[in-house]
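For reference, the structure discussed in these notes is given below.
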Amino acid sequence: DHGADWPETREYVAMLREKGYPITVLETTRKGLALYEYYQSHRMIPTRMVRHCTVEYKVRPLTEYMKTPCIVYMGIDAGEAHRATPSQREGEVREYPLIDEGMDRKACMAFIEAHGLPVPMKSGCYVCPFQRRNQWRELRTKHPELYCKAKRLAANCNEMLAEKGRPPLYLAGEKALEYIAQEDQMDLFGERRPCLCEL
C-alpha cells in the first residue's frame with residue numbers, strides 16, 4: 001500500500017479481509033514518504049519512460065519482505081504470458097498458476113464471480129501514466145479530489161521544469177489532464193465545467 005491506489009482497490013481489499021481472506025498489506029514509503037508525497041516533494045511525476053514508482057514502491061518492498069528460499073505466485077493471466085519471466089533472485093522461484101491453467105482475463109473474471117465475489121476494477125495508482133483516457137475521465141467524475149491532486153502533482157513538476165527551461169511532462173502522455181479528461185466528450189451533464197482545483 002503505497003497510498004496512491006484508487007479508493008475502489010482499497011475497498012476491495014478491505015472487503016476480502018472482512019470475508020476472512022488472509023491478506024497481508026505492506027505499507028510502503030521511501031524516505032518516510034508515501035508515493036504521492038515523494039513525487040510532490042521531489043517535484044516529479046511518474047512517467048512511462050522511467051518505472052521508478054514500480055521499482056521503489058512495489059518491487060523493492062516486496063523483495064525486502066520476502067525471505068528466501070520462497071515460491072512467488074505471479075498473478076499474470078494467460079493473455080499476457082509474454083510478461084512471465086524467471087526470477088533473477090537466488091532462492092526465489094516464480095510460478096504462474098493462471099498461465100499454467102490457461103486462464104485469460106475473461107476466465108479470471110468468471111472464476112471470481114463463480115466464487116461469489118464481485119469483479120474488481122483493474123488496480124492501479126490514480127497518478128499512473130499508463131491509465132487510459134477513460135480512466136482519467138472516470139477519476140475526474142468519481143474522485144474529483146484525487147483528480148485535482150494529480151493535476152497539482154503535474155503543475156508542481158512543470159513549474160520546476162519551466163524554471164530550468166525544459167519542456168513540460170504530462171501524466172497522461174502527450175497532453176495535460178484537463179484536455180484528456182474533456183476532449184471528445186459531449187457536455188450533456190455539465191461534465192466540462194472547470195474542476196474544483198481550478199488549475
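Values reported hereafter were calculated over all heavy atoms of this structure, with side chains retained and with hydrogens, waters and symmetry mates removed.
- Considering only heavy atoms from C-beta on, P118 comes within 4.5 Å of M15 through its side chain.
- Between T68 and E90 the shortest heavy-atom distance is CG2-O, 3.5 Å.
- Contact annotation: the side chain of Q131 never approaches that of C125 to less than 4.5 Å [non-hydrogen atoms, C-beta and beyond].
- Hydrophobic clustering (ILVMFWY, side-chain heavy atoms < 4.5 Å, transitive): Y96 and M66 are in one cluster.
- When side chains are defined from C-beta on, L169 counts as touching N158, because their heavy atoms get closer than 4.5 Å.
- The two residues T63 and R89 come nearest to each other via the heavy atoms O-NH2, 3.2 Å.
- A heavy-atom distance below 4.5 Å is not found between the side chains of L62 and V72.
- Here the closest non-hydrogen pair linking P7 and L146 is CD-CD1, 3.6 Å.
- Looking only at side-chain heavy atoms (C-beta outward), L171 and W136 come within less than 4.5 Å of each other.
- Contact record, R10 with D5: NE-O, 4.2 Å, taken as the closest heavy-atom pair.
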Chi angles and distances behind the side-chain contact (heavy atoms from CB on, under 4.5 Å) call for V25, R17
CA-CA 10 Å; V25 176; R17 291 175 101 177; 3.6 Å; yes
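- In this structure, F111 has its ring center under 6.0 Å from that of H115.
- The CD atom of E11 sits 10.0 Å away from atom CE of M121, with the distance rounded to the nearest 0.5 Å.
- Side-chain heavy atoms closer than 4.5 Å link hydrophobic residues (I, L, V, M, F, W, Y) into clusters, and following such links, possibly through other members, connects L153 to M44.
- Atom NZ in K58 sits 13.0 Å away from atom CG in L26 (nearest 0.5 Å).
- T47 contributes atom OG1, which lies 14.5 Å from atom OH of Y170 (distance to the nearest 0.5 angstrom).
- The existence of a salt bridge linking D77 and R105 is confirmed by a sub-4.0 Å separation between a basic side-chain nitrogen and an acidic carboxylate oxygen.
- Nearest heavy atom pair, residue A34 against residue T29, reads N-CG2, 4.0 Å.
- In the hydrophobic clustering of this structure, Y65 does not group with V13; members are Ile, Leu, Val, Met, Phe, Trp, Tyr whose side-chain heavy atoms approach within less than 4.5 Å, directly or through other members.
- With a 4.5 Å cut-off on side-chain heavy atoms, R60 and R30 count as touching.
- Note that CZ of R43 is 6.0 Å distant from CD of E159, once rounded to the nearest 0.5 Å.
- Side-chain contact check for W6 and E138: no donor-acceptor pair (N or O, by modelled atom type) lies under 3.5 Å.
- Between L35 and A4 the shortest heavy-atom distance is CD2-CB, 4.1 Å.
- By the 6.0 Å contact criterion, CZ on R48 is enclosed, its count of non-hydrogen atoms from other residues, nucleotides or ligands being greater than 12.
- Here the side chains of L117 and Y21 are in contact, with some heavy-atom distance below 4.5 Å.
- Taking the ring axis of Y126 as reference, the NZ or CZ atom of K149 does not stay both within 45° of it and closer than 6.0 Å to the ring centre.
- Hydrophobic clustering (side-chain heavy atoms under 4.5 Å, transitive across Ile, Leu, Val, Met, Phe, Trp, Tyr) keeps V119 apart from L98.
- L139 CG to Y147 OH: the interatomic distance, rounded to the nearest 0.5 Å, is 8.5 Å.
- In this structure, the side chains of Y39 and H52 come closer than 4.5 Å at one or more pairs of heavy atoms.
- Residues V127 and M160 share a hydrophobic cluster, clusters being chains of Ile/Leu/Val/Met/Phe/Trp/Tyr side chains in contact below 4.5 Å.
- In this structure, R94 contributes its side chain and M74 its backbone to no donor-acceptor pair below 3.5 Å.
- Other residues, nucleotides and ligands contribute at most 12 non-hydrogen atoms within 6.0 Å of the CD atom of Q88.
- Within a 6.0 Å radius of CD in E101, other residues, nucleotides and ligands contribute 12 heavy atoms or fewer.
- At least one donor-acceptor pair closer than 3.5 Å links the side chain of Q135 to the backbone N or O of R132.
- Between the side chain of N156 and the main chain of Q40, a donor-acceptor pair closer than 3.5 Å is present.
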